[in-house]
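Naming: A, B, ... by sequence-line order, numbering from 1 per chain.
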Amino acid sequence: MRFRFVLAEIVHGFRRNASMIGAVILVTFVSLSAVGAALMLQIEVDRVKGEWYDKVEVSIYLCPDDPVDQGNCAGGPVTADQMRAVSDRLKSAEMEPYVEQIYEQTAQSVYDEYLERYGGTYLGEQITVEFFGPIIHVSLKDPDKFQVVTDAVSTMPGVLQAVDQSQLFDTLFDLLAKVRLAALAVAGVLALAAILLITTTIRLSALSRRRETGIMRLVGASNLFIQLPFMLEGAVAALLGSVLAVGTLWGVTRFWLSDWVEQNFTLIQGSVNAMDALVVAPWLVVAAVVLAGVSSALTLRRFTRV
Amino acid sequence: MIRFDNVTKVYARGARPALDHVSLEIPRSEFCFLVGASGSGKSTMLSIVLREEHITAGKAFVLGADLSQMPQRRIPRFRRQIGSVFQDFRLLERKSVFDNVAFAMQVIGRPRHAIMRTVPDVLDLVGLAGKEKRSPHELSGGEQQRVAIARAVVNRPQILLADEPTGNLDPRTSEGIMAVLERVNQTGTTVVMATHDVGLVDQAQHRVVELVEGRVVRDEASGYYGREV
């Protein structure tokens with residue numbers, strides 16, 4: 001009886017307040033989408049970091065056949081002895097606390113990888129294998145200690161350049177962090193708007209039902225029973241907003257973003273996943289309930305007191 | 001049932017008290033008229049009994065409870081034992097007669113079968129049998145007030161407060177409403193009725209308490225509206 005009564009009250013409130021309820025749904029939808037996007041971005045960043053920080057931190061480029069006037073390449077292409085010397089240095093006891101693993105890649109294999117990516121293009125046709133030297137990839141025990149490794153080998157003969165690859169990612173991560181911050185700021189402002197809107201909606205709803213609530217008070221309905229329909233009205237609207245947000249995040253990631261990332265960022269392929277939308281979904285729903293709860297608490301105390 | 005000991009009520013600091021040291025006792029099953037000019041404190045008295053207003057000084061006991069000691073959370077349960085009727089009926093326009101009365105039971109969580117059983121009985125008591133499905137706007141003023149009375153008594157309150165229930169009705173209709181209130185009183189419910197209706201009071205021969213500027217100036221067991229009548 002009570003449940004049906006409350007349900008009927010909510011449906012009635014929705015009908016009477018349709019445009020306000022619509023506004024609440026839309027604002028919570030956009031606000032929670034921004035929150036969700038920020039959360040998902042964090043998940044992606046963590047995943048890319050996890051995959052790549054461990055794989056390659058420092059790449060040591062050795063001198064190619066084609067003469068270059070940089071690094072320690074004045075003596076021409078790297079020799080087998082020089083290469084072994086660099087390897088031995090990396091495997092030495094001195095480097096042992098920093099170096100996890102090393103992997104040598106021949107000039108030919110570097111060239112092949114290059115062709116794979118740029119083979120059909122103008123750049124691919126201009127460049128020949130002579131432009132590439134072998135690379136020694138080094139994975140680190142502590143990614144932050146790359147400096148020790150690069151310092152150790154960068155002055156050795158036959159070394160063109162020792163590059164901390166994570167620096168390349170850091171630029172990307174930096175950008176993503178800024179995007180995330182912007183999304184959170186937007187989400188914050190919109191959350192405030194959502195609270196104000198829900199507050200106003202509940203207030204209007206309570207005013208338009210003053211006679212009902214007045215009678216309820218007179219015949220001794222409990223506070224909770226009087227306030228429940230209003231609270232649920234706000235909560236249901238906010239929940240609908242959160243469901244829309246989850247759906248949108250999922251759809252955008254699934255049908256648009258992951259393809260786009262696959263095509264444009266070869267390095268982080270497969271890291272953007274629509275399932276992440278479902279990972280953040282519970283948080284968005286909780287956020288919606290909190291939004292509605294705060295708003296109800298702000299309003300109802302004043303408008304439906306016994 | 002209702003006891004006021006030196007009750008004073010001041011709405012705004014410095015203003016004249018709405019009730020000024022009122023002492024009064026209304027026993028169980030009594031029918032009591034409150035008479036007096038507008039602003040004499042009749043409505044304030046009813047609001048205090050219903051615990052809508054706090055008293056400023058003195059002690060008020062209703063149904064054995066000390067109103068100034070009653071915590072907020074006890075108020076709803078307390079009010080279930082008191083019914084109220086007003087001059088303006090306060091019916092819900094979008095609900096039928098039956099639903100208006102049932103509303104009072106629904107909102108305190110009474111089960112459906114109890115509602116289906118009780119509401120027709122109460123509508124019968126107030127003389128509205130057969131009009132369950134009407135909307136309030138299809139009813140006359142007197143009939144609307146009967147619906148309001150039915151709603152007020154459907155939860156079997158021990159006290160019925162009526163604040164000028166006949167204020168909007170013609171004399172004939174008023175007599176009908178009075179008859180309904182008498183019937184409610186005969187079921188054992190204490191009825192306190194604030195009114196300006198000289199004819200009804202004189203005819204009914206119940207207890208009359210007259211208020212002037214917040215003070216009880218007359219309290220007669222079987223009285224008339226005014227001494228000069």
Side-chain angles (χ1 to χ4, degrees), chain A residues 1-21 201-236 293-294 296-306, chain B residues 46-47 49-54 63 70-86 88-95 99-116 136 147-163:
Chain A
M1 194 69 227
R2 284 190 150 204
F3 176 73
R4 265 181 39 191
F5 178 81
V6 170
L7 202 69
E9 287 292 302
I10 296 171
V11 170
H12 185 71
F14 263 52
R15 258 195 240 142
R16 184 156 28 187
N17 253 339
S19 58
M20 287 298 286
I21 296 284
T201 308
I202 291 175
R203 190 175 307 179
L204 275 179
S205 199
L207 281 176
S208 70
R209 265 185 269 172
R210 238 179 333 182
R211 173 159 282 188
E212 272 103 326
T213 52
I215 293 165
M216 287 162 110
R217 289 189 315 115
L218 279 179
V219 300
S222 66
N223 264 342
L224 182 70
F225 194 71
I226 295 175
Q227 296 177 351
L228 202 60
F230 300 108
M231 289 200 273
L232 289 180
E233 207 174 294
V236 169
V294 168
S296 304
L298 286 176
T299 331
L300 287 173
R301 215 164 262 285
R302 281 188 25 228
F303 284 85
T304 53
R305 199 171 25 200
V306 282
Chain B
L46 297 183
S47 298
V49 172
L50 201 49
R51 185 52 176 74
E52 283 193 307
E53 295 292 347
H54 287 281
L63 296 163
M70 187 181 290
Q72 283 281 330
R73 61 186 160 76
R74 290 284 311 278
I75 294 173
R77 212 157 268 284
F78 166 74
R79 287 197 184 135
R80 292 179 193 182
Q81 304 173 73
I82 303 175
S84 320
V85 181
F86 304 90
D88 58 358
F89 319 140
R90 300 192 190 175
L91 299 180
L92 302 173
E93 294 299 328
R94 65 180 170 97
K95 288 185 190 289
D99 289 342
N100 262 285
V101 178
F103 186 74
M105 296 182 80
Q106 285 171 338
V107 299
I108 61 168
R110 299 299 309 278
R112 194 176 168 72
H113 61 87
I115 294 173
M116 300 310 285
V147 177
I149 295 171
R151 182 179 65 196
V153 300
V154 73
N155 288 321
R156 308 233 179 278
Q158 300 192 53
I159 300 173
L160 177 64
L161 305 176
D163 195 355

Side chain, backbone, both or neither: which part of B/Arg94 has a heavy atom under 4.5 Å from chain A?
-> side chain
Does any non-hydrogen side-chain atom of B/Ile115 lie less than 4.5 Å from one of B/Gln106?
-> yes
Identify which part of B/Leu50 has an atom lying under 4.5 Å from any heavy atom of chain A, answering side chain, backbone, both or neither.
-> side chain
side-chain hydrogen bond (donor to acceptor under 3.5 Å, both in side chains) involving B/Gln158 - partner list, sequence neighbours excluded = B/Arg28, B/Gln81
Does A/Leu232 have any side-chain contact (heavy atoms from CB on, under 4.5 Å) partners at least two apart in sequence or in another chain, and if so, which?
-> A/Val6, A/Ile10, A/Leu228
How far apart are the C-alpha atoms of A/Ser208 and A/Arg16, what are their side-chain angles, what is the distance that settles it, and do they pass the side-chain contact (heavy atoms from CB on, under 4.5 Å) test?
-> CA-CA 9 Å; A/Ser208 70; A/Arg16 184 156 28 187; 3.8 Å; yes
Residue part contacting chain A, namely of B/Phe103, when any heavy atom lies under 4.5 Å = side chain
Ranking B/Leu91, B/Val154, B/Asn155 by heavy-atom pairs under 4.5 Å to chain A gives rank one to B/Leu91
